[in-house]
Chemist: 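Let me give you the structure first, and then I'll get to my questions.
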There are 2 protein chains.
Amino acid sequence: MARAALSPDAVVDLALRIVDEEGPDALTLSAVAARAGVATPSLYKHVRNLAELRALVSVRVMGELTEIASEAALGRSGDEALRALMDGWRSYAARHPHRYSAMIQAPRPETADVGDRLVGIMLAALRAYGLEGSAAIHAVRCLRAAMHGFAVLEAAGAFRLAEDLDESHALLARMVIAGLRTAREH
Amino acid sequence: MARAALSPDAVVDLALRIVDEEGPDALTLSAVAARAGVATPSLYKHVRNLAELRALVSVRVMGELTEIASEAALGRSGDEALRALMDGWRSYAARHPHRYSAMIQAPRPETADVGDRLVGIMLAALRAYGLEGSAAIHAVRCLRAAMHGFAVLEAAGAFRLAEDLDESHALLARMVIAGLRTAREH
DNA sequence: ACGCATCGGCTAATGCTATTAGCCTGGCAG
DNA sequence: CTGCCAGGCTAATAGCATTAGCCGATGCGT
């Protein structure tokens, strides 16, 4: 190895810093190269192209979110676990809005794995609600929709009124919990 | 007027066709110009720049969605109105996934108006649930989060399992309805 | 009917981006 | 010591947005 400075992971690190500071649209190979102190084409020694870099960023962020989600669910169950999961999810998205936006991508093979793990955690968090098979899948889809929808809208600044967002989110959690009870009866 | 063929609206029409057929990323000024049979810079006589064109597309799509939402809610009330609203929303997004994706943007002044109308319709659809003031705002936020989250995920192809999406969405509707009852009691 | 402003097209030019090709070098393996 | 190659480089191409400045036709006022 000549200069051990750069590596795929290091490139993703720089990419994440750009995303955080300047938003997902500012993620460009030349911007990364500039931060790395390297000519743009050199990056191709570490990443196939911009699309792959985006996918790697997405994977990294989904990984962080997975970690947060699993920590939140750990040692809790039932409503408490669900609330912790939703709160953790939302707070991550709120803390890193650009990162969260950069995570959203058309599904690519790279993201399939970590995506499945994330779904697995949600499934586990729902275990206490006694949902089996397909019912559990439908429930996870609704949970994802609720969490993701709220996170996206909040990150995009789409909630423009003055009302407290914590309160809105607490209502969302109550909504999901109430809905899961109806799911069991169906 | 020289050639009356082009106008801001006509440009948006072409833009929408591109979005539908090739996805939001394919929306580029040169692509629009090619379809219009015109040189790229000519478009600047009708639209300020690409960002504005995107905003206009977004406004147009939000307008269509507003129409669908208001038709769905018209003449119904309570759970029925809510279900119709959610179904209409989802079916629009599913019918035009690229269009729906193109609608999503950081809030710009152009979209504020039609966005407010859309929120107004949701507020009206919730009237039967007896929510006042802030409680209604929180409820609308949750409704938006649920509908938008589901639509985005479905449009992006993020629901990859075989389970019937109609059923998942029906659960989401029951979830929202159940949650709105708890909202009143809070 | 005539002149003229303006609208809406054009070409030329700039600058930023991704991406490919092909070169060069320093360090590690043998 | 020698040769390989990972990992940097420069040069070149091509697609995009955007600006500047030109020019013809249209339609209005006179």
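What you are looking at is a predicted structure, and each value in this text was computed from that prediction instead of being measured. Each chain gets a letter, A, B and so on, in the order its sequence line appears, and its residues count up from 1.
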Chemist: When you check the phosphate oxygens OP1 and OP2 of dA6(D), does a side-chain N or O of H46(A) lie under 4.0 Å from one of them?
Modeler: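 So the side chain of H46(A) is outside the cut-off, no N or O lying under 4.0 Å from OP1 or OP2 of dA6(D).
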
Chemist: When you match K45(B) and A51(B) each to their closest nucleotide on DNA chain D, which lands nearer the 5' end?
Modeler: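 The residue closer to the strand's 5' end, by nearest nucleotide, is A51(B).
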
Chemist: Any donor-acceptor pair under 3.5 Å linking the side chain of Y92(A) with the backbone of D87(A)?
Modeler: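 Not a single qualifying donor-acceptor pair exists.
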
Chemist: In whole Å, what is the span from the CG atom of L53(A) to the P atom of dT17(C)?
Modeler: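 So the CG-P distance, L53(A) to dT17(C), works out to 15 Å.
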
Chemist: When you measure from the side-chain N and O atoms of S42(A) to the phosphate of dC9(D), is any distance below 4.0 Å, counting only OP1 and OP2?
Modeler: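 It does, given that an N or O in the side chain of S42(A) lies less than 4.0 Å from OP1 or OP2 of dC9(D).
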
Chemist: Could you tell me whether D79(A) and R181(A) have a side-chain N and a carboxylate O separated by less than 4.0 Å?
Modeler: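 Yes, charged N to carboxylate O under 4.0 Å.
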
Chemist: Rounded to whole Å, please give me the gap between CD in E52(B) and P in dA17(D).
Modeler: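 That distance rounds to 15 Å.
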
Chemist: Which nucleotide sits closest to the side chain of A39(B): dT18(D), dA18(C), dT11(C)?
Modeler: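 The answer is dT11(C).
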
Chemist: Under a 4.0 Å N-O cut-off, is there an ion pair linking R90(B) with D166(B)?
Modeler: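 Salt bridge between R90(B) and D166(B), a charged N being under 4.0 Å from a carboxylate O: yes.
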
Chemist: Here's a test for you: under side chain to side chain contact (heavy atoms under 4.5 Å, CB included), which of L50(B), T40(B), V47(B), L43(B) qualifies with V32(B)?
Modeler: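 One option only clears the test, and that one is L43(B).
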
Chemist: With R141(A) as reference, evaluate L165(B), L153(B), L171(B), L172(B) under the side chain to side chain contact (heavy atoms under 4.5 Å, CB included) test and give the passing residue.
Modeler: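 Going through L165(B), L153(B), L171(B), L172(B) one by one, the side chain to side chain contact (heavy atoms under 4.5 Å, CB included) with R141(A) is satisfied by L165(B) alone.
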
Chemist: To the nearest Å, how far apart are L43(B) CG and dT19(D) C1'?
Modeler: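 So the CG-C1' distance, L43(B) to dT19(D), works out to 14 Å.
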
Chemist: Tell me the interatomic distance from L6(A), atom CG, to dC9(D), atom C1', rounded to whole angstroms.
Modeler: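 In whole Å, dC9(D) C1' lies 14 Å from L6(A) CG.
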
Chemist: Check each residue of residues 19-38 of chain B for a non-hydrogen atom within less than 4.0 Å of any atom in DNA chain D, then write out the ones that pass by number, or none.
Modeler: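 Under 4.0 Å from DNA chain D: T28(B), L29(B), S30(B).
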
Chemist: Counting only side-chain heavy atoms from C-beta out, which of dT18(D), dT19(C), dG9(C) sits nearest to Y44(A)?
Modeler: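 The answer is dT19(C).
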
Chemist: I'd like to know whether the aromatic ring centres of F159(A) and H169(A) sit less than 6.0 Å apart in this structure.
Modeler: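 When the ring centroids of F159(A) and H169(A) are compared, they turn out to be at least 6.0 Å apart.
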
Chemist: Figure out the CG/P separation between L50(A) and dC16(D), and round it to whole Å.
Modeler: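 My rounded result for the distance is 15 Å.
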
